[in-house]
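One structure is given below, encoded as structure tokens.
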Amino acid sequence: MNKIIIAIDGHSSTGKSTLAKQLAKYLNYKYIDTGAMYRAITWYAIKNNYFEKEVLDEDKVIKNLEFINLELHHDSNLNNYILLLNGENIEKEIRGMEVSSKVSYIAKIAEVREKMVEIQQAWGNEKGIVMDGRDIGTVVFPNAELKIFMTASAEVRAQRRYDELIKKGDTVLYDDVLQNVIERDEIDSNRTIAPLKPASDAIMIDNSNLTREEQFQYVLKLVKETV
């Protein structure tokens with residue numbers, strides 16, 4: 001079977017990563033979570049005090065990009081790839097509300113996106129990858145063989161995110177999570193550089209009322225039709 005690039009874009013908390021992981025495992029493809037890359041840089045910025053409350057010093061981020069090294073590490077125990085920031089596993093740290101509330105400010109910096117796209121394209125050279133994010137089908141891999149754009153209502157996405165955080169033991173309010181989802185949609189869709197939008201040839205999936213299994217089987221059918 002020919003290996004292809006599967007690009008999954010869409011709004012926050014639509015389950016892009018869950019679907020991408022399912023597909024990668026089933027197809028024996030490499031999974032790349034590009035959102036985690038932007039979250040990693042956000043974590044780096046928070047840790048180094050580049051944020052003054054909600055105001056980001058973009059110049060500091062740009063000047064220090066050369067000191068930020070991102071690499072994929074295959075975890076044989078999980079049979080999955082995890083992202084390392086300067087050699088450190090920061091998967092847990094980048095999933096909290098603090099990073100979620102600030103990642104869109106990092107993701108709209110042109111120099112950051114340029115560096116991330118360069119890394120992503122290098123990782124995808126050999127095909128056989130499932131990559132999810134915001135601009136995979138439009139910017140990173142405009143020639144990807146299969147492009148998916150996922151969406152769901154803001155309320156459904158906020159509930160999913162809220163449940164996920166509560167399950168992890170975080171103390172959050174649903175209204176705060178909903179506000180974060182709405183704000184991220186606004187910033188992601190209206191930024192000047194690589195705004196969130198479906199590629200013209202992307203297949204749209206509204207999964208507000210789909211189970212994970214229903215969604216997986218539908219997209220798997222699309223993959224088989226593509227290859």
Side-chain angles (χ1 to χ4, degrees), residues 5-14 16-17 19-21 24 29-48 50-51 56-74 80-91 93-96 98-144 147-150 184-185 187-199 202:
I5 293 174
I6 303 172
I8 303 178
D9 291 311
H11 295 99
S12 66
S13 301
T14 48
K16 298 186 298 295
S17 297
L19 173 63
K21 287 175 185 174
Y29 276 23
K30 184 181 290 187
Y31 163 61
I32 300 173
D33 175 3
T34 63
M37 298 170 70
Y38 291 99
R39 284 175 172 270
I41 301 211
T42 306
W43 173 249
Y44 183 92
I46 292 169
K47 201 166 66 166
N48 287 281
Y50 297 168
F51 282 94
L56 171 65
D57 188 330
E58 294 189 6
D59 287 338
K60 283 186 179 177
V61 177
I62 294 166
K63 285 176 184 175
N64 287 279
L65 273 176
E66 63 180 300
F67 304 114
I68 299 174
N69 180 50
L70 299 178
E71 58 182 315
L72 283 178
H73 171 69
H74 187 261
N80 203 354
Y81 287 88
I82 58 174
L83 185 69
L84 301 181
L85 168 65
N86 294 337
E88 181 185 356
N89 181 355
I90 36 78
E91 284 287 339
E93 289 83 351
I94 64 175
R95 301 299 175 182
E98 184 179 21
V99 170
S100 293
S101 67
K102 293 179 168 65
V103 65
S104 291
Y105 297 102
I106 293 287
K108 68 179 183 178
I109 301 173
E111 289 83 354
V112 171
R113 298 204 74 84
E114 185 179 330
K115 177 170 180 171
M116 295 303 97
V117 169
E118 187 180 304
I119 295 171
Q120 291 154 14
Q121 289 175 336
W123 285 346
N125 273 339
E126 298 174 7
K127 297 209 173 186
I129 64 164
V130 186
M131 190 176 284
D132 72 84
R134 299 287 198 280
D135 61 350
I136 314 306
T138 53
V139 175
V140 183
F141 291 115
N143 296 319
K147 301 176 189 176
I148 307 287
F149 189 93
M150 294 169 62
R184 287 183 67 186
D185 285 352
I187 295 171
D188 290 343
S189 300
N190 293 295
R191 64 178 175 236
T192 306
I193 307 296
L196 171 64
K197 63 178 182 179

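Heavy-atom basis, side chains included; hydrogens, waters and symmetry copies ignored.
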Any luck finding a side-chain donor-acceptor pair between Ser17 and Tyr31 under 3.5 Å?
-> yes
Would you name the heavy atoms of Gly133 and Lys16 that are closest together and state the gap between them?
-> O-CE, 3.4 Å
Side chain to side chain, Arg184 and Val103, heavy atoms closer than 4.5 Å | yes
Between Tyr38 and Gln120, what is the shortest heavy-atom contact and its length?
-> CE1-NE2, 4.1 Å
Would you name the heavy atoms of Gly137 and Ala7 that are closest together and state the gap between them?
-> N-CB, 3.9 Å
To the nearest 0.5 Å, how far apart are NZ in Lys147 and CD1 in Ile136?
-> 11.5 Å
State, to 0.1 Å, how close Ala20 and Asp132 come at their nearest heavy-atom pair, and which atoms those are.
-> CB-OD2, 3.7 Å
Sidechain N-carboxylate O distance under 4.0 Å for Arg95, Glu91 = yes
Quick check: are there more than 12 heavy atoms from other residues, nucleotides or ligands sitting under 6.0 Å from NZ of Lys115?
-> yes
Start with the C-alpha gap between Ile8 and Met150, add the side-chain angles, then the distance that decides, and say whether side-chain contact (heavy atoms from CB on, under 4.5 Å) holds.
-> CA-CA 7 Å; Ile8 303 178; Met150 294 169 62; 3.5 Å; yes
To the nearest 0.5 angstrom, please state how far the CD1 atom of Ile109 sits from the CD1 atom of Ile62.
-> 5.5 Å
Value for CD1 (Ile106) from CZ (Arg39), rounded to nearest 0.5 Å, stands at 12.5 Å
To the nearest 0.5 Å, atom OH of Tyr50 lies from atom NZ of Lys63 at 10.5 Å
Within 6.0 angstrom of Glu118 CD, more than 12 heavy atoms from elsewhere | no
Please step through side-chain contact (heavy atoms from CB on, under 4.5 Å) for the pair Phe51 and Leu56, ending with a clear verdict.
-> CA-CA 4 Å; Phe51 282 94; Leu56 171 65; 3.6 Å; yes
Check the surroundings of atom CD in Glu114: do more than 12 heavy atoms from other residues, nucleotides or ligands lie under 6.0 Å from it?
-> no
Applying side-chain contact (heavy atoms from CB on, under 4.5 Å), run through Asp33 and Leu83 and close with a yes or a no.
-> CA-CA 8 Å; Asp33 175 3; Leu83 185 69; over 6 Å; no
Separation between CG (Leu85) and CE (Met37), nearest 0.5 Å, reads 11.0 Å
Met116 side chain reached by Leu70 side chain, heavy atoms, under 4.5 Å = yes
Between CZ on residue Arg134 and NE2 on residue His11, distance to nearest 0.5 Å = 8.5 Å
Exam field: side chain Asn86 to backbone Asn69, donor-acceptor pair closer than 3.5 Å | yes
Is it the case that Asn64 and Tyr44 place a side-chain donor and acceptor less than 3.5 Å from each other?
-> no
Heavy-atom closest pair, residues Arg113 and Ala194 | NE-CB, 3.6 Å
Apply the test side-chain contact (heavy atoms from CB on, under 4.5 Å) to residues Ser104 and Arg191: give CA-CA distance (whole Å), side-chain angles for both, the deciding distance (0.1 Å), then the verdict.
-> CA-CA 9 Å; Ser104 291; Arg191 64 178 175 236; 5.9 Å; no
For the student: nearest non-hydrogen atoms of Ser189 and Pro195, plus distance = O-CB, 3.6 Å
The single option from Ile41, Ile68, Ile193 that satisfies side chain to side chain contact (heavy atoms under 4.5 Å, CB included) with Val112 is Ile41
